[in-house]
Amino acid sequence: MKVEEKILRDLHQELQKAKTQAKLKYQKGMIKIDQAEVEKRIKRSDYLLDFKEIEMDKKWLEGLFKDYLYILKKFKKDNVKVLEELEQSCEKKELDLEVLIKKVFYFDSEYLENLAKKLKLEAEDLNFLGLHLGNPVFELYAQRVKERIDMDSWSKGFCPICGSSPAMAYFRKDDGKRILWCQFCSTQWSFLRLKCPFCSNEDQETLRYFFTEEDDHHKVYVCDKCKKYVKTIDQRKMENPDDLDLGWENHNTLALDLVAEKEGFLNPCSQPPEQKRGVVT
Ligand SMILES: [Zn+2]
Ligand SMILES: [Zn+2]
């Protein structure tokens, strides 16, 4: 592992730890679930999340934000000033953390671009922050409702819990099945190998993969019909398969996203999601 990669991996692991701690602090009552609505959605084989049912405690969210900033300052010494300004923006209410989580979830690029300009940041950084702040909330929601659905019978290309497109996939070491992974709620579900998760295309002539010389561990599965792709790792070929951490894999393969985009493919997680319900306010 290169030095730079090792530092990023350590950063990722510290953020993960902060996330786990935050989940322990989150109170059960903060996630309100309308059971009747959930039952209705299960009956019509729909995904479950509705943002209206989620209540985010402001203090809790600010605590998590501060924990993240503390870690980021340790690892990104050159950016300490920017991180401090970000903290102040939150204190001055120029940055609303709950709104940020929602805007990232619904991929409101216009909002993110404008806010980034205002705060003199990159939209990418806000995306990273919103995703990490939202993770424990979505994961807790997923934990609460997961046992209600039959994950094995879910055959759609989007997350059964929150409706997001998969950010990563892997071939499972036990049975070679393709498993898709959601970057918001960390849910995993199996999906046919010879089908596009985004447009259901099954024409093998238009489904293929590529990989780069620098990285033959990951393959990018593309669909020439809808022009979308999913980064994929083969767990059977990993040195330590049980250490598979898809959040890390996703972050550590940003170079592949750039190659795919250069080749004319669309990152499915950078598209306003058609299938997600709810309106951002
Ligand atoms: Zn999800
Ligand atoms: Zn497709």
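When a ligand or atom number is given, it counts from 1 through the structure's own listing order. From a predicted model like this one, the values you see are computed outputs, not experimental measurements.
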| Point-to-point distance, once rounded to the nearest 0.5 Å, from CD of Gln204 to NZ of Lys195 | 11.5 Å

| query | Would you call the rings of Trp248 and His12 parallel, tilted or perpendicular if under 30° counts as parallel and over 60° as perpendicular? | reply | tilted

| message | Salt bridge or not between Lys225 and Asp203? Use side-chain N to carboxylate O under 4.0 Å. | response | no

| Are Asp174 and Arg172 within salt-bridge range, i.e. N to O under 4.0 Å? | no

| message | Can you check the angle at the Zn ion (ligand 2) formed by SG of Cys196 and SG of Cys226? Round it to the nearest 10°. | response | 110°

| task | To the nearest 10 degrees, could you say what angle the Zn ion (ligand 1) makes with SG of Cys182 and SG of Cys159? | result | 120°

| task | Work out the angle at the Zn ion (ligand 1) between SG of Cys162 and SG of Cys185, rounded to 10°. | result | 120°

